[in-house]
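All values derive from a computational prediction rather than experimental measurement.
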Amino acid sequence: MAITAKDVQALREKTGCGMMDCKKALTETNGDMEEAIKFLREKGLAKAEKKASRIAAEGLIDIYTEGNATGIIEVNSETDFVAKNETFRAFVHSVLITVVKNNPADVEALLEMKLDGSDMTVKDALVEKIATIGENMSIRRFVRVEGKTASYIHGEGKIGTIVMIDTDIDNDAAIDELGKNICMQITALNPEYLAKEDVPQSVLDNEKEILIAQIKQDPKMANKPEAIIEKMVSGRLSKFYDLNCLLEQEYVKDGSLKVCQYVENTAKELGGKIAITKFLRLEKGEGLQKKEDDFAAEVAKMAQ
């Protein structure tokens, strides 16, 4: 019996399995849809879709540079154990290379692309990995940038950081060292913004309201003139910048300097221009609900 593309698509929709797996199953069962589903279940592949409802909040951050392009990606798994699996890590890296080489618009576009070094799409390869490894996985997000960058990965893929550097200095080793130092700063102190100018006015207005309310609730400060309160608010806003803006932060390797001063001093020493123009920081699982295992409840359930 001839297997049509429509047959393969129908089986894919029912099982969530890869195109090649569906074609093979239909070939092995002479086009019998129910037998093909059974074939895939016996192989463990059709379980992948059921796993998709499970929370994947562990996983891996990876970074890759090729030529002028750098990519950072987060792929999630259910457990940290799988995140350390070499097969999973190799898959994540292949997906990231696909991102860097092909510049997809978003995750949906990426899923339809051919996985680097494979004849399968990223989506089909993901479904296959879910079936093989036995956990839900998801490609959560990625960012691709072009230009001079430095990067740092912390904790075997827990946090990944990229900084973009504009420089006319022809000393890659020195610029890379500066870039890595700033990446480690970002990893440790997690700034929200690059510079003062990047803080939205709405955020500043909200911060001012909070500061004024705090001052007026203090009996010793409540009756101070508005001009004095304004000065106090300005002083406390300066501390807000110091905490939340990368270039205003105290440099972790030398507390006598701000990050902007460290950059300026390095530029003078090397005899050229250095500017940090952008940074990216992804932390594994941030904002995702993690599965909470209640061991006592699990034992009680088994006893019943």
Any side-chain to backbone donor/acceptor pair from Q249 onto L243? Under 3.5 Å, distance only. yes
Spell out, yes or no, whether V99 and V107 are grouped together once hydrophobic residues are joined by side-chain heavy atoms under 4.5 Å, including indirect joins. yes
If you look at every heavy atom in A36 and A25, which pair is closest and at what distance? O-CB, 3.9 Å
Interatomic distance, CD1@I73 vs CD1@I97, rounded to 0.5 Å, equals 10.5 Å
How about K208: does its NZ atom have over 12 heavy atoms from other parts shown lying under 6.0 Å from it? no
Heavy-atom closest contact (M33 atom, A10 atom, distance): CE-CB, 3.9 Å
Would you say that more than 12 heavy atoms from the other residues, nucleotides or ligands in this model lie under 6.0 Å from the NE2 of H154, or not? no
Do the side chains of M20 and L26 join up, straight or via other hydrophobic residues, at under 4.5 Å, putting them in one cluster? yes
Mind listing the closest non-hydrogen atom pair of P191 and L246 along with its distance? CB-N, 3.7 Å
Closest contact, heavy atoms only, C245 versus V199: SG-CG2, 3.7 Å
Going hydrophobic residue to hydrophobic residue with side-chain gaps under 4.5 angstrom, can you get from I162 over to L178? no
Is a salt bridge present between K148 and D176, judged by a nitrogen-to-oxygen distance below 4.0 Å? yes
Please answer: with hydrophobic residues joined when any side-chain heavy atoms are less than 4.5 Å apart, are V92 and I72 in the same cluster? no
Salt-bridge present (E286, R141; N to O < 4.0 Å): yes
Sidechain-backbone polar pair: T98 side chain, D116 backbone, donor-acceptor under 3.5 Å: yes
Mind running side chain to side chain contact (heavy atoms under 4.5 Å, CB included) on I274 and I165 for me, showing each step along the way? CA-CA 7 Å; I274 304 174; I165 306 167; 3.9 Å; yes
Between M137 and V82, the two heavy atoms sitting closest are CE-CG1, 4.3 Å
With salt bridge (Lys or Arg N to Asp or Glu O under 4.0 Å) as the test, would you mind laying out the steps for E283 and R281 before giving the verdict? CA-CA 7 Å; E283 185 166 348; R281 182 187 187 277; 3.1 Å; yes
Can you confirm whether more than 12 heavy atoms, excluding those of D205, are under 6.0 Å from its CG atom? yes
Sub-3.5 Å donor-acceptor pair from the side chain of Q185 to the main-chain atoms of V252, do we have one? yes
Can a donor-acceptor pair be found, under 3.5 Å and without considering hydrogens, that links the side chain of E78 to the backbone of N136? yes
Using modelled atom types and a 3.5 Å cut-off, is there a donor and acceptor pairing between side-chain atoms of E35 and backbone atoms of D32? no
Any non-hydrogen side-chain atom of I61 less than 4.5 Å from a side-chain atom of I159? no
Quick check: does any side chain N or O of R144 sit under 3.5 Å from a backbone N or O of T70, one acting as donor and the other as acceptor? no
Pair D7, Q9: side-chain N/O donor-acceptor within cut-off below 3.5 Å: no
Stepwise salt bridge (Lys or Arg N to Asp or Glu O under 4.0 Å) test for D242 and K196: CA-CA 9 Å; D242 291 346; K196 288 181 181 181; over 6 Å; no
Under 6.0 Å from the NZ atom of K123, do we count more than 12 heavy atoms belonging to anything else shown? no
Using the ring of each side chain (for Trp, its six-membered ring), is Y251 parallel, tilted or perpendicular to Y262, with breaks at 30° and 60°? parallel
Any link between F91 and F142 through a network of hydrophobic side chains (Ile, Leu, Val, Met, Phe, Trp, Tyr) touching at under 4.5 Å? yes
From N171 CG over to L270 CG, what is the distance, rounded to the nearest 0.5 angstrom? 5.5 Å
Would you check if the side chain of S77 reaches a backbone N or O of T79 as a donor-acceptor pair within less than 3.5 Å? yes
Evaluation steps, salt bridge (Lys or Arg N to Asp or Glu O under 4.0 Å), between K38 and E28: CA-CA 11 Å; K38 183 179 177 183; E28 290 288 332; over 6 Å; no
Quick check: do V95 and L110 have side-chain heavy atoms less than 4.5 Å from each other? yes
Looking at A150 and C183, what are the two nearest heavy atoms and their distance? O-SG, 3.5 Å
Before giving the answer on side chain to side chain contact (heavy atoms under 4.5 Å, CB included), spell out for Y193 and L247 the whole-Å C-alpha distance, their side-chain angles and the decisive distance to 0.1 Å. CA-CA 9 Å; Y193 311 100; L247 296 177; over 6 Å; no
Check the pair E156, K84 against side chain to side chain contact (heavy atoms under 4.5 Å, CB included), reporting the backbone distance first and the verdict last. CA-CA 8 Å; E156 296 185 339; K84 293 176 180 176; 4.2 Å; yes
Check: N206 side chain, S202 main-chain N or O, donor-acceptor pair, under 3.5 Å: no
Compare all side-chain heavy atoms of F279 with those of M164 and state whether any distance is below 4.5 angstrom. no
Do E269 and N265 have side-chain N/O donor and acceptor atoms under 3.5 Å apart? no
Test side-chain hydrogen bond (donor to acceptor under 3.5 Å, both in side chains) applied to K273 and D168, D166, T167, the passing residue: D166
Just by modelled atom types, is the E58 backbone N or O under 3.5 Å from a matching donor or acceptor in the N76 side chain? yes
Side chains of I182 and Y152 in contact at under 4.5 Å (non-hydrogen atoms): no
Walk me through it: do Q214 and L211 pass the test side chain to side chain contact (heavy atoms under 4.5 Å, CB included)? CA-CA 5 Å; Q214 288 174 346; L211 292 172; 3.7 Å; yes
Any donor-acceptor pair under 3.5 Å linking the side chain of N85 with the backbone of T87? yes
Hey, is K284 close enough to E74 for a salt bridge, meaning N to O under 4.0 Å? no
